Amino acid sequence: MADGDRRGTGRWTAWPAPEALSRVGVPRGRLVLDGLLLAALGVWAVTSAYLSGAFPGWYGVVPPIGVAFCAAALAGFHRTTLANRLPHSLGLLAAVTVVGLGASLAGAPVTATLLWIVVSASAMERLPLVVGLATVLALTAAFVEADDTGILGAAVTTSAVLLGGYSLRLDAEARSAGFRLLGQERAAREAEATSAALAERARIAREIHDVLAHSLSAQMVHLEAARLQIEAGADREMILERVVAARSMARDGLAETRHALSALRGDMVPVEDYLRELAREDRAEVRVTGDRRPLPAEASQAVRRVAQEAFTNVRKHAPGARTTLLLAYGAGEVGLEVRDTGTPAADTGGDGPDVSLAASGAGYGLLGMRERAELLGGTLEAGPDGTGFAVRLRVPA
């Protein structure tokens with residue numbers, strides 16, 4: 001039953017928590033002391049029966065047999081309460097009560113009182129409260145009969161049993177609450193570890209995917225150009241130039257994959273050096289503003305991948321266009337802007353975009369970059385800028 005169900009009136013009719021009824025988690029020293037206490041009570045009950053003179057001669061075997069029977073019944077009571085089986089639990093307590101009644105009728109009131117106290121304390125500790133209270137009150141008359149001090153002694157005994165049994169119950173409930181909290185903490189830690197592992201796997205997959213997508217897309221551009229040139233009967237040197245470029249892209253892609261793996265291990269070159277190396281092939285201008293500082297791995301990778309994707313798009317849609325890259329360090333964030341003129345620079349000899357090449361690729365590059373930025377709490381904007389195109393990234397850093 002849930003904790004909420006044990007509040008208010010439900011608390012009186014609910015069983016103690018399973019952790020409270022079990023002995024799991026109880027220190028070994030406490031188990032030893034409990035065992036010694038129960039053994040001492042058993043010896044006391046048997047000794048009192050002998051000293052009372054109620055079991056002369058061969059009747060002397062009755063007290064140890066009776067106490068052993070009660071011990072077995074109480075062990076069964078422990079199991080049935082753990083399973084919340086109320087009728088069976090009450091039946092076992094009734095069996096111990098009957099043995100106590102027999103001891104009282106035979107003239108061994110101390111033994112009878114000990115057995116009834118054990119029954120009452122056990123009922124208060126392990127049964128629903130209303131049932132435990134009813135059990136103690138039902139035995140009050142027996143306490144009055146067995147106690148030489150009469151009603152006053154029985155009242156003191158009953159009060160002590162109620163307090164003692166309820167204290168044991170509270171102690172067990174506190175232990176069970178601790179175990180439930182420990183279990184919840186362990187479950188939370190396991191969920192956190194699982195979530196972290198899944199996030200790390202997703203990050204690794206995203207990094208490798210972005211590297212391969214960039215590299216393969218660039219190769220597709222050159223290979224598609226080579227195919228078109230072959231179909232048009234172009235010069236061998238022009239075709240070879242495209243094939244060599246594709247081979248260069250493959251080599252660069254392999255290097256980028258190694259860079260990505262190094263970055264995942266936390267071993268990467270400064271982002272400014274990487275961007276300058278990336279822009280060198282396209283003879284793009286690179287500017288850095290703000291106070292330079294080391295970037296978190298995720299932010300650094302986002303800047304690198306967006307720059308890769310932007311340069312790939314320039315090569316596909318505006319080959320030879322003049323490109324400017326701006327890396328800006330701001331307060332709590334870093335920004336990247338890659339802007340092209342949209343028309344070939346005068347000194348590059350570019351031929352302008354080729355419609356067939358521009359159509360190559362799946363078109364998911366910038367969408368993937370936008371998703372990457374949003375995962376980091378940043379933004380990515382891409383769109384026409386004058387005669388050209390601009391990609392702007394901002395991520396917390």
Side-chain angles (χ1 to χ4, degrees), residues 21 23 26 30-83 85-127 131-169 172:
L21 293 173
R23 306 295 286 176
V26 179
R30 170 70 180 275
L31 293 175
V32 173
L33 288 177
D34 289 349
L36 292 176
L37 177 61
L38 292 175
L41 288 175
V43 172
W44 188 5
V46 173
T47 303
S48 299
Y50 285 144
L51 293 178
S52 67
F55 300 96
W58 66 271
Y59 289 105
V61 300
V62 174
I65 293 176
V67 170
F69 171 79
C70 291
L74 291 173
F77 172 76
H78 183 280
R79 291 191 297 272
T80 56
T81 53
L82 189 59
R85 298 161 62 185
L86 185 59
H88 297 79
S89 301
L90 290 176
L92 291 169
L93 288 184
V96 179
T97 302
V98 169
V99 173
L101 179 62
S104 178
L105 294 176
V110 175
T111 300
T113 302
L114 286 174
L115 293 177
W116 291 335
I117 288 175
V118 171
V119 169
S120 300
S122 299
M124 283 297 298
E125 180 187 6
R126 301 183 66 83
L127 293 177
V131 179
L133 286 171
T135 301
V136 175
L137 293 178
L139 289 175
T140 301
F143 290 149
V144 173
E145 181 67 24
D147 201 308
D148 295 336
T149 58
I151 296 178
L152 178 61
V156 172
T157 302
T158 302
S159 300
V161 168
L162 285 172
L163 290 176
Y166 192 63
S167 296
L168 292 174
R169 184 190 190 94

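Because the structure is a prediction, the values reported are computed rather than measured.
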Item to check | Leu90 vs Leu86, side chain to side chain contact (heavy atoms under 4.5 Å, CB included): CA-CA, chis, key distance, verdict | outcome: CA-CA 6 Å; Leu90 290 176; Leu86 185 59; 4.0 Å; yes
With rounding to the nearest 0.5 angstrom, report the [atom1] to [atom2] distance, [X] to [Y].
X	Y	atom1	atom2	value
Ser122	Ile117	OG	CD1	11.5 Å
Ser89	His78	OG	NE2	11.0 Å
Arg126	Leu82	CZ	CG	6.5 Å
Thr47	Leu51	OG1	CG	6.5 Å
Cys70	Ile65	SG	CD1	12.0 Å
Leu127	Leu93	CG	CG	6.0 Å

Checklist outcome for this item: side-chain contact (heavy atoms from CB on, under 4.5 Å) filter on Thr97, not counting sequence neighbours, yields Trp116, Val119, Leu139
Item to check | Shortest non-hydrogen contact between Met124 and Leu133, atoms and distance | outcome: SD-N, 3.8 Å
Checklist entry - What closest approach, in Å, do Gly100 and Ala112 show between heavy atoms, and which atom pair accounts for it? => result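 What the structure gives for the nearest pair is O-CB, 3.0 Å.
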Which donor-acceptor pairs under 3.5 Å do the side chains of residues 38-45 make with protein atoms, sequence neighbours left out?
from  : atom 1 : to    : atom 2 : distance (Å)
Trp44 : NE1    : Ser48 : OG     : 3.2

Item to check | Thr80 and Arg85 side chains, donor-acceptor separation under 3.5 Å | outcome: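 Distance-only check fails for Arg85 and Thr80.
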Item to check | Val67 and its side chain to side chain contact (heavy atoms under 4.5 Å, CB included) partner, picked from Val46, Leu114, Val62, Val99 | outcome: Val46
Next on the checklist: If you define the side chain from C-beta out and look only at heavy atoms, does anything of Pro64 sit under 4.5 Å from Phe69?
Outcome noted: no
